[in-house]
Number of protein chains: 2
Amino acid sequence: MAVVSYVVNGGPRPVAEGTRQRVLAAIEQTGYRPDGVARALVGGSTMTLGLIVPDIANEFFAELARAVEHAARAAGRTVLLANSEGDAQTELALLETFLERRIDGVVIISQAPITAARMLERAGTRRVFLGAAPPDDSSIGVDNFGGAVAATMHLVGHGYERIAMIGGPDLDEVADARRDGWQHALTSLGAAEEGAFVHQPFTVDGGYVGGLELLAGDTRPQAIFAASDRQAIGLLRAAADEGISVPDELAIATFDGSAASAYAVPSLTTVQQPITQMADLAVRQLTAHDAPPLHAVLEVGLVIRRSCGCSRPWLEPRRL
Amino acid sequence: MAVVSYVVNGGPRPVAEGTRQRVLAAIEQTGYRPDGVARALVGGSTMTLGLIVPDIANEFFAELARAVEHAARAAGRTVLLANSEGDAQTELALLETFLERRIDGVVIISQAPITAARMLERAGTRRVFLGAAPPDDSSIGVDNFGGAVAATMHLVGHGYERIAMIGGPDLDEVADARRDGWQHALTSLGAAEEGAFVHQPFTVDGGYVGGLELLAGDTRPQAIFAASDRQAIGLLRAAADEGISVPDELAIATFDGSAASAYAVPSLTTVQQPITQMADLAVRQLTAHDAPPLHAVLEVGLVIRRSCGCSRPWLEPRRL
DNA sequence: TTGAAAGCGCTAACAG
DNA sequence: CTGTTAGCGCTTTCAA
């Protein structure tokens, strides 16, 4: 009994080579497979990580999930996946289920960071928040402000003067930062007038609706900065429906850098989030023996493609 | 001890109302949370389902994953997710991990159905194969042949005569059925010449490469049937790069019906897979007390949008 | 170096 | 109706 445990786990007591071989042979012969449940019961760790995203069918979260699963696998962990559907109640219920399953840690894009953190703290479960996070918990975010500035500046550099924005939901931490970045870039460049702005959810439909609204005005914007790739996809459709050609009559820049942005026609100039890096960091934070609280704000890069009009003459942006 | 178990689980022995209240109060006070691991150890069931897909970042699988997680949650189950990366070895290793975690059942899109089935059979684990499946295991598929026929017929109905196809990988069960459907529709309608065909992976790049190839010939096809939405997205890009307008100069129909097909510009006419139904069926099969082997072949529907040229004059298809 | 035994938190049979 | 007890399959002391 015990000896089998020693050879399967390579410890903690030494085993004579002969015995080891006999055990291995027996394992082979009987098709014995260690029971992870029993192991978890005694050992304390389930070797399982939880991942809660609003919606796995959203390209960005899907890519994130892939990266997290990959990193978790490399660390010998399995991942439990759940969709909060953007709803705080659902998210908390999911967390409760995960806690009952005794996950070792959770990566969460939270709608209710404070409450979630309290729950996890009480359960003594490790966690990493992506995006919105309570101040004292580990979190990984990106430079939303800087990314928005870079994208907007790029648009300005093209010589567009009326640069509108399709923002995210109101009072959303991430959405606000992107909006501020856009705003900042415009005002610091001494834009004559304020750019048009609409709040929309981070969805294709949101981008479509917001796009139609922005394109309907009599002084139509020359460029639109969308707060997410999904919205940009919807905006592309809105422009097509209105018979407005992108980028010739309307330039677009966006935020996320999901694969969909590369596949769109025209391909989207976008602020690229370092998804793999985020996932690797998150998993390391949850699995490392010694992990001091983490408050990462990762750099983003601007990926220049066609939607901004980069096939057209280029003007250097004025200095910030 | 036991009484607590009785009230938490509502059985199997009755508990006096007073005691019940006291137990409930104690639970509330202590913040007691039942340990699922210990439960699983004694009870036998982990209330966990596994899901193995080639790549969660593929829209179709992401939508499937969402539907599976949703159905599983409704049935009180949690889902363990993993990407096989389209590799049989990885898939089997993943399965091994899942088996050690003692999942109650698995939904799998398999690269090695026979081996996987043997493994699962030996472990006594319930499973449902989606797509390729061993003959005696439960499986859920769609009418790939019929769907391809419908899509192709629709293209024929538009009056196109040179209808090419971007197929899936060679020797792939699903891909072959779609190819056969396309072929069947063409020949049974007495097409003068054979349609051009290229094998490509079910990816955006596959569709792009295949599209360029098909569009390069001197007798360019009037319409192309892509074996998957992802390929169609790539094809759309290829057409754009070649300056060919869709649907005016090239009509497109495709297979899957993922959300991306609706968001594309132009929107894609596609064979819609009943994702929710597939997921519900799969989860029921894995959780139902009494589940006789299932060999479902679900009906698909043709969703007509813009890429086929349906804004243009319409010709009734000749009879099949 | 190996074997025996305790116990992880729970459920279910078995007494009371 | 409630309390006691025997495991579920494993890891890890503790003895031999």
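What you see is a predicted model; the values in this text were computed from it and never measured. Chain letters run A, B, ... following the sequence lines, proteins first and then strands; every chain starts at 1.
- Taking 4.0 angstrom as the limit, Arg39(A) places none of its side-chain polar atoms (N or O) nearer than this to OP1 or OP2 of dG9(D).
- Residue pairs meeting the side-chain hydrogen bond (donor to acceptor under 3.5 Å, both in side chains) criterion with at least one partner in residues 27-55 of chain B, sequence neighbours excluded, are Arg66(A)-Asp55(B), Glu96(A)-Arg33(B), Arg102(A)-Asp35(B), Asn9(B)-Arg39(B), Ser45(B)-Asp104(B), Thr46(B)-Asp104(B).
- Among residues two or more places apart in sequence or in another chain, the side chain to side chain donor-acceptor pair (under 3.5 Å) test is passed with Thr125(B) by none.
- Qualifying side-chain contact (heavy atoms from CB on, under 4.5 Å) partners for Ala93(A), counting only residues two or more places apart in sequence or in other chains: none.
- Heavy atoms of Val4(B) sit nowhere under 4.0 angstrom from any nucleic acid atom.
- Rounded to whole Å, the distance from CG on Asp35(A) to C1' on dC8(C) is 13 Å.
- Between Ile27(A) atom CD1 and dC10(D) atom P the separation is 10 Å, expressed in whole Å.
- Counting non-hydrogen atoms under 4.0 angstrom, Val37(A) reaches nothing in the nucleic acid.
- Partners of Asn58(B) under the side chain to side chain donor-acceptor pair (under 3.5 Å) rule, at least two apart in sequence or in another chain, do not exist in this structure.
- When the side-chain contact (heavy atoms from CB on, under 4.5 Å) test is applied to Pro113(B), the partners found at least two apart in sequence or on another chain are Ser110(B), Phe129(B), Ala132(B), Pro134(B).
- For Glu100(A) and dG9(C), the CD to P distance is 15 Å, given to the nearest whole Å.
- Residue pairs that meet the salt bridge (charged side-chain N to carboxylate O under 4.0 Å, His left out) test with at least one member in residues 278-296 of chain B, sequence neighbours left out, do not exist here.
- In the helix from dT1(C)-dA16(D) to dG16(C)-dC1(D), the terminal helix axes, each the rotation mapping four pairs' C1' atoms onto the next four within five end pairs, subtend 50°, rounded to 10°.
- Between Glu173(B) and Arg178(B) no salt bridge is recorded (no basic side-chain N to carboxylate O distance below 4.0 Å).
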Report, one line per pair, each donor and acceptor closer than 3.5 Å where one atom sits in a side chain of residues 115-123 of chain A; sequence neighbours left out.
residue   : atom : partner   : partner atom : Å
Glu121(A) : OE1  : Arg127(A) : NH1          : 3.3
Glu121(A) : OE1  : Arg127(A) : NH2          : 2.7

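- Residues forming a side-chain contact (heavy atoms from CB on, under 4.5 Å) with Gln285(A) (at least two apart in sequence, or on another chain): Val128(A), Ser138(A), Ala291(A), Leu294(A).
- Crowding of Asp170(B) atom CG: a count of heavy atoms from other residues, nucleotides or ligands under 6.0 Å exceeding 12.
- Listed nucleotides dT1(C), dC10(C), dC1(D) differ in distance to Thr19(A); the shortest reach to its side chain belongs to dT1(C).
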Enumerate all atom pairs, one protein N or O and one N or O from nucleotides 13-16 of chain D, separated by less than 3.5 Å.
residue : atom : partner : partner atom : Å
dT13(D) : O4   : Tyr6(A) : OH           : 3.2

Under 3.5 Å, which N/O atoms of the protein pair with N/O atoms of nucleotides 6-8 of chain D?
residue : atom : partner  : partner atom : Å
dC8(D)  : O2   : Val42(B) : N            : 3.4

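- Not a single salt bridge (charged side-chain N to carboxylate O under 4.0 Å, His left out) links Arg77(B) to another residue, sequence neighbours left out.
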